[in-house]
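Predicted model, so just to flag it, every value in this text is computed and none were measured. Order of the sequence lines sets the chain letters (A, B, ...), proteins ahead of strands, with each chain counted from 1.
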Protein chains: 2
Amino acid sequence: MSKQTLPVVDLQTAGCCAPLAVRALDADQAAVVAPMFKALGDPVRLRLMSMIASVPEICVCDLTPAFDLSGPTISHHLKVLREAGLVDSERRGTWVWYAVRPEAFRRLGALLDLPDTATRAAR
Amino acid sequence: MSKQTLPVVDLQTAGCCAPLAVRALDADQAAVVAPMFKALGDPVRLRLMSMIASVPEICVCDLTPAFDLSGPTISHHLKVLREAGLVDSERRGTWVWYAVRPEAFRRLGALLDLPDTATRAAR
DNA sequence: GGGCTGATTCGAAAATCATCTAGACAGGTG
DNA sequence: CACCTGTCTAGATGATTTTCGAATCAGCCC
C-alpha cells in the first residue's frame, strides 16, 4: 500500500507540538501541521472525514453517492486526506475502503486543547 | 470593537455538531465548520493563531515582526482568523490587540475528539 | 481472454488565494 | 493643526485549488 512515507509524514507521525494555546508553533512545526488543518478546510473533505471517522471503515462506493460531485472529484479529495495523513486506504477486491488514522486525528485534536488559562478574561 | 457579527459567526457561536468521529456532518454543518479549519490551514495563520492563543492577548506590533511578510499580508491573515470567529480584536489607542475566542476554539477541538471507538482496529 | 464495474490518474478551465504596493484611516504628539 | 506611527483597505498579479471529462488501472466473472 501507500509507500509514501515522506519526511513530512514522519514528522506528522512523530509527536508534534504542545497545544496551540500552550506554546506558539515555530515556522517548521506550522509547516507540518497546517496541511492537516487545510485538508479539513474544505466542506466536502470535512464531510468525507466525518463519514470515515464515524464508522470503523467505509467503502468509496458508499462515500461518492452522498455528494453531488463526480467520482474523480471525490477521489481527489480522498487523496488530499490521505496525503495529510488523516486517513488510510486499502483495496479489497473491487472496492477500496477508507479508515481514519486515530493517532493523527488525536494529535490534531490535542493541538486544540484549551487549558482554561491563556484567555483574555483570565488575564 | 469589531461589530461584524455576521450570521456565519452566529452559527459558529451556536453549539454545532457532535464530534466528527461520532456522527457525520451534513452539508450545512460542514459549510459552517470548514472555514474555521481552513483558517488554520495556512502555516502563517496557524502560527499567528498559536501566538495569539498562547497568551491572554497580543498586539499586532508583536505579531508582525515574527514573520518575513509585509504588514498588509499579516493584516489580511488576521482578518481571516477574525472572520472565522477564532479570534477577536480590539483597538486600544494606537495599537490593536488580538485574543482567542475560547468558545469557538474549544468547540473546534471538541469536533476532533476521538472516543476510542470507531477505529478500524476496534471493528 | 474479453468485457464489466469501481477507483484513480491526467489534463484543462474557472475560481480562489497569498502576497505585494500604494493609499487611507486612527490616534498620539509637538 | 501638521506630522508621525501603527493598522487596515483597495487593487493587481501569480500561484494554487476545485472541478470536470477522458483515459487508465485493478480486479471480477462469463
Side-chain angles (χ1 to χ4, degrees), chain A residues 1-4 8 25 27 30-31 33-49 51-52 57-84 86-99, chain B residues 1-4 6 8 27 30-31 33-49 51-52 57-84 86-99:
Chain A
M1 149 157 340
S2 38
K3 62 317 154 233
Q4 89 293 39
V8 162
L25 272 44
V33 177
M36 303 178 74
F37 283 115
K38 187 177 199 172
L40 298 181
D42 177 275
V44 173
R45 283 194 296 267
L46 185 58
R47 258 182 93 198
L48 284 169
M49 185 72 201
M51 292 173 76
I52 295 168
E57 57 183 355
I58 186 167
C59 172
V60 174
C61 61
D62 288 327
L63 293 170
T64 305
F67 298 83
D68 206 16
L69 292 170
S70 70
T73 297
I74 297 300
S75 195
H76 159 73
H77 285 303
L78 288 172
K79 182 179 185 176
V80 173
L81 290 174
R82 241 186 301 128
E83 291 182 341
L86 291 170
V87 302
D88 211 348
S89 69
E90 179 183 340
R91 168 156 236 140
R92 287 213 285 275
T94 306
W95 295 281
V96 175
W97 297 80
Y98 278 76
Chain B
M1 153 174 332
S2 38
K3 50 352 168 197
Q4 88 293 42
L6 309 163
V8 163
V33 176
M36 304 177 76
F37 283 115
K38 188 176 199 169
L40 298 181
D42 178 275
V44 173
R45 283 195 296 267
L46 185 57
R47 256 181 95 198
L48 284 169
M49 185 71 202
M51 292 174 77
I52 296 167
E57 57 183 357
I58 187 167
C59 172
V60 173
C61 61
D62 288 326
L63 293 170
T64 304
F67 299 84
D68 205 17
L69 292 170
S70 69
T73 296
I74 298 299
S75 195
H76 158 72
H77 285 304
L78 288 171
K79 183 178 185 177
V80 173
L81 289 173
R82 241 187 300 126
E83 291 182 340
L86 291 170
V87 302
D88 212 349
S89 69
E90 179 181 340
R91 169 155 236 140
R92 286 212 285 274
T94 305
W95 295 281
V96 176
W97 296 80
Y98 277 77

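Backbone-only engagement by A:L69 is indicated by non-hydrogen atom pairs under 4.0 Å involving sugar-phosphate atoms exclusively.
Under a 3.5 Å cut-off, the side chain of B:R91 and the backbone N or O of B:G93 do form a donor-acceptor pair. Between the A:R45 side chain and the A:A39 main chain, a donor and an acceptor come within less than 3.5 Å of each other.
With a cutoff of under 4.0 Å to any heavy atom of chain A, the contacted region of DNA chain D is bounded 5' to 3' by D:dT17 to D:dC28.
With rounding to whole Å, B:F67 atom CZ is found 10 Å from C:dT19 atom P. Atom CG of A:L78 is separated from atom P of C:dT8 by 6 Å (rounded to the nearest Å). Atom CH2 in A:W97 sits roughly 13 Å away from atom P in C:dG6 (whole-Å rounding). Note: CH2 (A:W95) to P (C:dA7) measures 8 Å, nearest angstrom.
Applying the side chain to side chain contact (heavy atoms under 4.5 Å, CB included) test to A:C61 and every residue at least two apart in sequence or in another chain returns A:C59, A:W95. Scored by the side chain to side chain contact (heavy atoms under 4.5 Å, CB included) test, A:T64 finds A:V60, A:I74 as partners (sequence neighbours excluded). Remark: A:R47 engages no residue in a side-chain hydrogen bond (donor to acceptor under 3.5 Å, both in side chains) (not counting sequence neighbours). Taking A:H76 as the reference, nothing meets the side-chain hydrogen bond (donor to acceptor under 3.5 Å, both in side chains) condition, with sequence neighbours excluded. By the side-chain hydrogen bond (donor to acceptor under 3.5 Å, both in side chains) test, B:T73 is found to be paired with B:S70, residues two or more places apart in sequence or in another chain being considered.
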Seminar exercise, completed: Counting primed atoms, P, OP1 and OP2 as sugar-phosphate and everything else as base, the B/S/- map of nucleotides 23-30 of chain C against protein heavy atoms under 4.0 Å is ----SS--

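Contacts between residues 37-46 of chain A and DNA chain C, defined by a heavy-atom separation under 4.0 Å, are absent.
Contact detail for B:A30 and B:P35: the closest heavy-atom pair is O-CD, 4.3 Å. The minimum heavy-atom distance linking A:H77 with A:L48 is given by the pair CB-CD1, 3.7 Å.
For B:S70, whose side chain is taken as the heavy atoms from C-beta onward, the closest listed nucleotide among C:dC20, C:dA18, C:dA7 is C:dC20.
Screening B:I52, B:V87, B:V96 for a side chain to side chain contact (heavy atoms under 4.5 Å, CB included) with B:L78, the sole residue that qualifies is B:I52.
In this structure, B:H76 does not reach the C:dC17 phosphate: none of its side-chain N or O atoms is under 4.0 Å from OP1 or OP2.
Distance check, rounded to the nearest 0.5 Å: NZ of B:K38 to CZ of A:F37 gives 15.5 Å.
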